[in-house]
Amino acid sequence: MTRSRTSARAERIPGERAMLAAMGVDSVGSGMYVPFSLVFFHHITGLSFAVVGAGLTAVGLLGMTALPLAGTAVDRYGARRVQLLLYGVRATGFALYPFATALPSFAAVALGTAVGDRAFPAVQQAWIGEVAQGADRDRLQAAARALRNGGLGAGALLASLVVALCGDRGFALTAWLNALSFASAALLVRRVRGHVAAPAAPARGKAALTALTAGRSGGGYRIVLRDTAFLGLTGANFLTALGYSALAVLFPLFIGGTLGEPQALTGAAFTVNTVLCAVGGVTVAGFVRRRGARRTRAAALGAVLFASAFAGLALLAALRPQAGWVAPVVLFALVGLYTVAELVHSPASSTLAVAAAPEELRGRYMAAYQLSWSLASTLAPSLFTLLEASDTRLPWLVLTGTATSAAALLVALERRLPVDAVHLAPSAPVFTSTPTARPAPDPARA
């Protein structure tokens, strides 16, 4: 037993504790404003809800344009440096929010934070790809997801306590606490210096990248656009990502409108999902890894579980049971199934994308992949409300179809993706190296 524990410790990524601590601190800060963003910004700026909502939508769309730039920066300067820069941008933005009381200043500060928020997930994915190989990537992805959910829940609770104790002044305080969380996370990231994973002879190394671009001019994002297998993977993730948006957007409409239940159940459903993800994320992902499932099939299984949950919710919308206890019990059972689907799908799909990207262009590939998440979260509110207004069952039926299509697409792509991306490899040994100077950037790859 002692020997196995020592071996497990030896296989850990150098600086892993600091990495995970940074993710946790970041998530707590984000949780202080994500669930209450409209109210949060309304109280800080004094602008109407309509103006704040329109402003956040506009800057969110503009913030998506930063993704290609972030991907290029990662490939030129490394994910860690870009991550530190984005932490600085986000910390500065939230530190300035209490002073952004007019529309122009609010728009300027909100745009800066939107750029940081939209680009950050792709950069973090690339960073995990830089420091880990094989099963370690899957483990870190699962840990990051669990910390994300746990941090969001803890941050939401902390923000509620601060506002309850301090009144309206509490909103400014939560903004500064959020800025402090980003600054603290940056300090933790700075402690992870020069730790890289030993290469594991990837099937998508320089030779494969040369074959992909042979006889063709251009580089950078043109290479990403030519990689139809990766674009298919991104499309499959977009289809599944629509379902991830259902918890925040569609569940409140469904619970309060279709079922006629108290909106308190919405908060309870969010809490159940968050707690289960935080507690069970690493365990479920570890179970899937030990079973030796291919990443494509694990992600496809998660998509199938999503489809099952959505089909159940469509049936619940059609039947609308009148017994007082039936609807809530069935609802929370389906929320549990939805959460299991998330726990199975998220680590496998995220690591699959990282492993399928050529090392030389991982930043650009992750930026392209992140667009599937950003586009899904941007389209979800208008799409779901439009479908729900037509028929309360329709949104769930559409999501059942998108999740099922995503599962089929993932299986179909299996033979076209790199073997080392599809099949889980053992954790690669790690070593500490002094960062070397990067070659001068090639303008053709910009």
Side-chain angles (χ1 to χ4, degrees), residues 145 232-261 265-266 269-270 272-274 276-277 284 288 293 295-321 326-350 352-353 372-414:
R145 188 73 185 180
L233 187 62
T234 303
N237 190 68
F238 168 75
L239 294 174
T240 314
L242 287 171
Y244 278 83
S245 299
L247 185 64
V249 179
L250 191 51
F251 271 85
L253 297 175
F254 179 68
I255 293 172
T258 304
L259 298 182
E261 297 290 340
L265 285 182
T266 300
F270 179 83
V272 167
N273 173 265
T274 300
L276 289 178
C277 285
V284 172
V288 173
R295 291 188 179 115
T296 44
R297 298 189 183 184
L301 174 60
V304 169
L305 293 174
F306 271 127
S308 301
F310 297 143
L313 288 162
L315 182 61
L316 182 61
L319 297 178
R320 300 185 190 184
V326 174
V329 169
V330 175
L331 174 68
F332 280 99
L334 292 171
V335 169
L337 179 59
Y338 173 96
T339 304
V340 172
E342 183 177 343
L343 295 176
V344 173
H345 175 269
S346 179
S349 63
S350 298
L352 177 62
S372 63
W373 289 105
S374 298
L375 186 59
S377 62
T378 301
L379 294 179
S382 57
L383 175 63
F384 290 160
T385 52
L386 179 63
L387 294 174
E388 201 271 343
S390 176
D391 188 321
T392 56
R393 299 165 295 182
L394 193 55
W396 302 116
L397 292 174
V398 169
L399 288 174
T400 302
T402 57
T404 303
S405 300
L409 183 55
L410 284 166
V411 174
L413 288 169
E414 193 170 272

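The first residue in the sequence is number 1, and the count goes up from there.
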Atom [atom1] in [X], atom [atom2] in [Y]: separation rounded to 0.5 Å?
| X | Y | atom1 | atom2 | answer |
| --- | --- | --- | --- | --- |
| Leu259 | Leu319 | CG | CG | 11.0 Å |
| Leu313 | Thr392 | CG | OG1 | 11.5 Å |
| Thr296 | Leu413 | OG1 | CG | 9.0 Å |
| Tyr338 | Phe332 | OH | CZ | 14.0 Å |
| Glu342 | Leu276 | CD | CG | 10.0 Å |
| Ser377 | Leu242 | OG | CG | 9.5 Å |

- request: Write out all pairs satisfying side-chain hydrogen bond (donor to acceptor under 3.5 Å, both in side chains) with one or both partners inside residues 305-318, taking only residues at least two apart or from two chains.
  value: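 Every candidate side-chain hydrogen bond (donor to acceptor under 3.5 Å, both in side chains) pair involving residues 305-318 fails, so no pair, neighbours aside, qualifies.
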message: Going by side-chain hydrogen bond (donor to acceptor under 3.5 Å, both in side chains), name the pairs with one or both residues in residues 400-413, residues two or more places apart or in two chains.
response: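 Those involving residues 400-413 do not exist here.
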query: Would you find a donor on one side and an acceptor on the other, under 3.5 Å apart, between the side chain of Thr240 and the backbone of Ala236?
result: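 Pair found, side chain donor or acceptor close to backbone of Ala236.
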task: Without swapping roles, check the side chain of Ser350 against the backbone of Pro347 for a donor-acceptor pair under 3.5 Å.
output: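 The answer is no, because no donor-acceptor pair under 3.5 Å joins these two groups.
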query: How would you list all residue pairs meeting salt bridge (charged side-chain N to carboxylate O under 4.0 Å, His left out) that involve residues 232-246, not counting sequence neighbours?
result: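 Matches after skipping sequence neighbours: none remain.
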field: Contacts of type ring pair (Phe, Tyr, Trp, His ring centres under 6.0 Å), residue Tyr244, not counting sequence neighbours
entry: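 Ring pair (Phe, Tyr, Trp, His ring centres under 6.0 Å) check on Tyr244 returns Phe306, His345, Trp373.
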query: What pairs with Phe254 under ring pair (Phe, Tyr, Trp, His ring centres under 6.0 Å), at least two apart in sequence or on another chain?
result: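 Only Trp396 meet the ring pair (Phe, Tyr, Trp, His ring centres under 6.0 Å) criterion with Phe254.
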task: Apply side chain to side chain contact (heavy atoms under 4.5 Å, CB included) to the pair Phe238 and Thr234, showing each step before the final yes or no.
output: CA-CA 6 Å; Phe238 168 75; Thr234 303; 5.9 Å; no
task: I would like to know whether Leu250 and Leu399 meet side chain to side chain contact (heavy atoms under 4.5 Å, CB included); could you show each step before the answer?
output: CA-CA 11 Å; Leu250 191 51; Leu399 288 174; 4.0 Å; yes
message: Could you report the tightest heavy-atom contact between Ala406 and Ala303, atom names first, then the distance?
response: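 Scanning both residues completely, I find the closest heavy atoms to be CB-CB, 4.5 Å.
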Considering all heavy atoms, the nearest Ala300-Ala407 contact: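 Reported closest heavy-atom pair: O-CB, 3.6 Å.
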- request: Apply side chain to side chain contact (heavy atoms under 4.5 Å, CB included) to the pair Leu397 and Leu387, showing each step before the final yes or no.
  value: CA-CA 10 Å; Leu397 292 174; Leu387 294 174; over 6 Å; no
Set of side-chain hydrogen bond (donor to acceptor under 3.5 Å, both in side chains) partners for Glu388, sequence neighbours left out: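 None.
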